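Report on one structure; see the data block that follows.
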Amino acid sequence: MEEDRGMKQRSWDTCREVSIIEDEQTPWKMIQLLKIVSLAIVAVFVFGLALCSKSTFLLLITLSNEGTKVLPDDMKPVALLCIGCALIISSVLLLLKSIWKSCYKTSKLPRKSTIALVLFFEFLVAMGAAILTIVAMPHLDIVTNVTILNGVAVLSALLQVITQCSAKERNRFLLPSIFAFILILLGYALFLYLYITKHPTDIKMIIWVGLAVGASFLVSFNWWENYLRLISKSSSSVFLKNLCKDLTKCQNMLNILTSLLRIAVTACVLGAFVPLDKMDWNIVTSIPSRETKIIAIIIGVQLISSALCHWFSLVACKMHALRRCFILPLYLASLAVMVLFIVPVIVYYQDYRTSLNGTAINFTGYCNQVVDGRNQSLNGSVFPQLVLDVTHTLCFLDMSKIADIGLLTGSAVSWWLGLLLATLHLWYLNMDRIQRTQDLFIRRLYEGAFIEQSLLLNTRFDILSKDRKNKVVDTLMVYLCATMWHETYDEMMNIIISIFRLDKYRPKTDQKYTDFTFETHIYFDDAFKDVKGNGRGRHLNIYAQHLVEILTEVYG
């Protein structure tokens with residue numbers, strides 16, 4: 001036994017985790033290259049899928065606009081039906097997932113007060129989303145339709161201000177949240193002024209504009225849960241604490257109820273608006289084959305790209321690439337959608353002016369001669385027709401006037417900057433090494449109508465303090481327990497080395513880490529031996545003696 005102990009006894013290397021040969025054979029450069037390639041692929045997929053989702057949804061909005069030629073006016077219910085499908089597809093998926101979880105996992109019933117409050121907010125959100133996308137947006141221009149969806153961050157920005165003011169800390173993002181709220185309100189003010197003053201006698205347009213503003217504000221209630229838990233921490237209200245507890249423990253049942261409510265509200269708004277707008281549902285069963293293919297391709301791409309964008313966004317967060325593969329691609333996707341729709345309009349307009357050989361024509365004349373007076377047949381390519389339909393949405397405004405362009409651009413920039421400032425805290429969000437999806441996002445699924453906004457605003461909001469020196473750091477206690485029987489000298493050496501390494505390299509109390517202390521307990525099975533004769537009695541056996549020697553060696 002003594003010889004075996006001497007052969008296996010080695011000096012303690014305080015920092016090496018693997019042997020030299022194993023470390024040299026690891027292809028670090030190849031691993032780093034694969035990591036960069038995988039991050040680039042995920043970022044491209046998030047950006048491309050968000051671009052496809054938003055552009056196809058806006059195409060459906062454009063096709064439901066009055067006066068478009070790709071889809072005649074009597075076929076508008078088909079486009080509205082596709083918009084409704086884009087709104088409820090995530091609710092259908094969440095309903096199926098929640099039913100499956102409630103059948104095979106624990107599912108508790110929440111309190112009646114919790115059900116009533118949650119269904120009330122979900123009713124507001126579903127009503128706002130249906131009115132905004134089905135009723136109001138088809139009557140607005142393409143630039144407003146691209147950017148007004150950023151305005152759904154208005155309530156999130158306001159709640160960020162409230163939660164940060166209620167926290168007894170010097171908050172880092174209080175000013176960005178205030179500016180975000182102001183910029184979004186400024187975007188709404190410019191939008192209202194532009195449309196109302198353009199044709200003050202057009203009562204219908206004033207109604208559409210009012211519905212758009214009111215509905216987008218209702219949609220902003222979608223992420224109220226994100227700030228409820230922070231408000232409840234600083235509040236002594238028992239109702240708020242019970243509400244947060246129900247939202248966590250009874251999530252499956254609440255998701256089933258809210259999904260059914262959203263589907264029902266969307267169906268009711270769609271079913272009521274079509275006859276009120278003097279449209280007929282009978283045309284849905286008799287669509288020409290060419291229009292059927294166009295609609296099927298657009299809605300198919302929209303539904304698939306939205307689901308895949310949500311999945312790849314989760315992958316980006318799991319890879320700890322929140323900034324490079326999640327936030328930045330979603331920011332750029334909104335700008336890319338704008339470029340994708342506006343650049344072809346400008347190119348076609350300039351080409352037409354060039355073909356006139358010097359004859360002056362403004363944007364209004366271009367709308368009267370080309371956009372509204374073109375042939376309605378679709379014998380040629382669909383793309384030019386879609387470009388002219390997008391241009392038709394801008395004909396309500398006079399794009400030859402600097403004032404109209406300035407107001408339209410000002411509202412678009414204000415909404416986009418408001419969303420950027422309202423989600424600025426995401427750049428400083430710290431995630432755990434193995435972060436669960438439900439700990440990162442508030443809601444389980446996405447919103448198909450505004451994929452970028454739903455993913456960005458759905459991420460959890462935390463209070464980030466300026467004064468980190470005075471920040472209270474929680475100290476955790478970890479108990480390490482091991483059982484030893486007839487372990488060899490080398491096995492005992494390894495476990496003691498691990499314990500001392502843990503003590504040496506554990507994170508200390510500072511601004512970034514939560515400090516922890518630990519206690520180690522070693523339980524021996526058969527640690528004594530009975531000695532007869534001189535010095536008889538119970539003495540430590542050879543294994544316990546080895547442990548004492550190892551402790552002396554490692555500590556020394």
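Only a predicted model underlies this, so the values are computations on that prediction, with no experimental measurement involved.
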* To do: Can you run down the salt bridge (charged side-chain N to carboxylate O under 4.0 Å, His left out) pairs that involve residues 48-57, sequence neighbours left out, and say none if there aren't any?
  => K54-E452

Distance-only donor-acceptor pairs under 3.5 Å for side chains of residues 34-47, two or more places apart:
from	atom 1	to	atom 2	distance (Å)
S38	OG	L34	O	3.1
S38	OG	K35	O	2.8

* Asked: Hey, is the main chain of S98 close enough, under 3.5 Å, to the side chain of N252 for a donor-acceptor pair?
  -> no

* Looking at side-chain heavy atoms only, is the closest gap between I297 and T56 below 4.5 Å? -> no

* **Side-chain heavy atoms of I298 within contact of L60, under 4.5 Å** => yes

* Tell me yes or no: between the side chains of S411 and Y188, is some donor less than 3.5 Å from an acceptor? => no

* Any side-chain heavy-atom pair from L194 and L190 closer than 4.5 angstrom? -> no

* Structure fact -> Taken in chain and number order and not counting sequence neighbours, the residues that satisfy ring-ring contact (aromatic ring centres under 6.0 Å, His included) with F181 are none

* For W415 and L183, what are the C-alpha separation, side-chain angles and deciding distance, and is it a side chain to side chain contact (heavy atoms under 4.5 Å, CB included)? -> CA-CA 7 Å; W415 279 326; L183 284 172; over 6 Å; no

* Answer yes or no: are there more than 12 heavy-atom neighbours, outside F273 itself, under 6.0 Å from its atom CZ? => yes

* Taking N150 for its side chain and L419 for its backbone only, find out whether a donor-acceptor pair lies under 3.5 Å. => no

Review item, side-chain donor-acceptor pairs of residues 323-330, under 3.5 Å, at least two apart:
from	atom 1	to	atom 2	distance (Å)
R323	NE	W427	O	2.6
R323	NH2	W427	O	2.7

* Look at the side chain of S90 and the backbone N and O of Y446, then say whether any donor-acceptor pair between them is shorter than 3.5 Å. => yes

* To do: Go through the steps to decide whether D202 and I206 satisfy the test side chain to side chain contact (heavy atoms under 4.5 Å, CB included), and finish with yes or no.
  => CA-CA 7 Å; D202 193 350; I206 295 176; 5.7 Å; no

* What residue pairs, at least two apart or across chains, pass salt bridge (charged side-chain N to carboxylate O under 4.0 Å, His left out) with a residue in residues 256-273? -> E122-R262, R262-E447

* ring pair (Phe, Tyr, Trp, His ring centres under 6.0 Å) contacts in which one or both residues fall within residues 56-89, not counting sequence neighbours -> none

* State, with a plain yes or no, whether a side-chain heavy atom of S102 is found less than 4.5 Å away from one of I256. => yes

* Where is the tightest heavy-atom contact between I148 and L140, given as atom of each residue plus distance? -> CD1-CD1, 4.5 Å

* Asked: Hey, are the side chains of K97 and L93 touching, using non-hydrogen atoms and a 4.5 Å cut-off?
  -> no

* List the steps and the verdict of side chain to side chain contact (heavy atoms under 4.5 Å, CB included) for S454 and W223. => CA-CA 9 Å; S454 65; W223 302 278; 4.1 Å; yes

* Asked: Closest heavy-atom contact between I83 and S64?
  -> CD1-OG, 3.9 Å

* Asked: Is the side chain of N458 donor-acceptor paired with the backbone N or O of F441 at a distance under 3.5 Å, no angle test?
  -> no

* Under 3.5 Å, is there a donor-acceptor pair between the side chain of K76 and the main chain of N65? -> yes

* To do: Under the side-chain hydrogen bond (donor to acceptor under 3.5 Å, both in side chains) rule, collect the residues that match up with S220, sequence neighbours excluded.
  => none

* Asked: Does any pair with a residue in residues 118-156 pass ring pair (Phe, Tyr, Trp, His ring centres under 6.0 Å), and if so which ones, sequence neighbours excluded?
  -> F121-F221, F121-W224, H139-W208

* **Sequence neighbours excluded - salt bridge (charged side-chain N to carboxylate O under 4.0 Å, His left out) pairs with any residue from residues 131-158** => none

* Asked: Atom CD1 in I207, atom CE in M205: separation rounded to 0.5 Å?
  -> 10.5 Å

* Rounded distance (nearest 0.5 Å) linking atom NE2 of H310 with atom CG of L455 -> 6.0 Å

* Structure fact -> CG of L247 to CG of L117, rounded to nearest 0.5 Å, is 8.5 Å

* Nearest heavy-atom pair of L340 and S55: which atoms, and what distance? -> CD2-CB, 3.9 Å

* Structure fact -> Heavy-atom closest pair (S216 atom, V213 atom, distance to 0.1 Å) is OG-O, 2.9 Å

* Nearest 0.5 Å, what's the CG-CG distance between L421 and L175? -> 10.5 Å

* Hey, does T114 have a side-chain heavy atom less than 4.5 Å from the side chain of V118? -> yes

* Asked: Do P110 and M253 have side chains that get closer than 4.5 Å, going by heavy atoms?
  -> yes

* Asked: Are the side chain of Q160 and the backbone N or O of A422 linked by a donor-acceptor pair below 3.5 Å?
  -> yes

* To do: Would you name the heavy atoms of C165 and L174 that are closest together and state the gap between them?
  => SG-CD1, 3.8 Å

* **Gap separating the CG atom of N255 from the SG atom of C250, nearest 0.5 angstrom** => 11.0 Å

* To do: Any side-chain hydrogen bond (donor to acceptor under 3.5 Å, both in side chains) involving residues 126-138? Give me the pairs, sequence neighbours left out, ordered by first then second residue.
  => none

* Asked: After noting the C-alpha distance and the side-chain angles of L155 and L159, does the key distance pass the side chain to side chain contact (heavy atoms under 4.5 Å, CB included) rule?
  -> CA-CA 6 Å; L155 187 62; L159 290 176; 4.1 Å; yes

* Heavy atoms, side chains only, cut-off 4.5 Å: are L457 and T423 in contact? -> yes

* Asked: Would you say Y193 has more than 12 foreign heavy atoms packed within less than 6.0 Å of its OH?
  -> no

* Straight-line distance of T144 OG1 to L408 CG, nearest 0.5 Å -> 5.0 Å

* To do: Measure from the ring center of F461 to the ring center of Y227 and say whether it is less than 6.0 Å.
  => yes

* Asked: Who pairs with T459 by side-chain hydrogen bond (donor to acceptor under 3.5 Å, both in side chains), at least two apart in sequence or on another chain?
  -> none

* **Pairwise side-chain hydrogen bond (donor to acceptor under 3.5 Å, both in side chains) hits with a residue in residues 299-308, at least two apart** => S53-Q302, S53-S306, Q302-S306

* Structure fact -> Heavy-atom nearest pair, A79 first then L71, reads CB-CD2, 3.8 Å

* Asked: Would you say T393's side chain and I142's backbone share a donor-acceptor pair under 3.5 angstrom?
  -> yes

* Would you say the side-chain atoms of T266 pair up with the backbone N or O of I263, donor to acceptor, closer than 3.5 Å? -> no

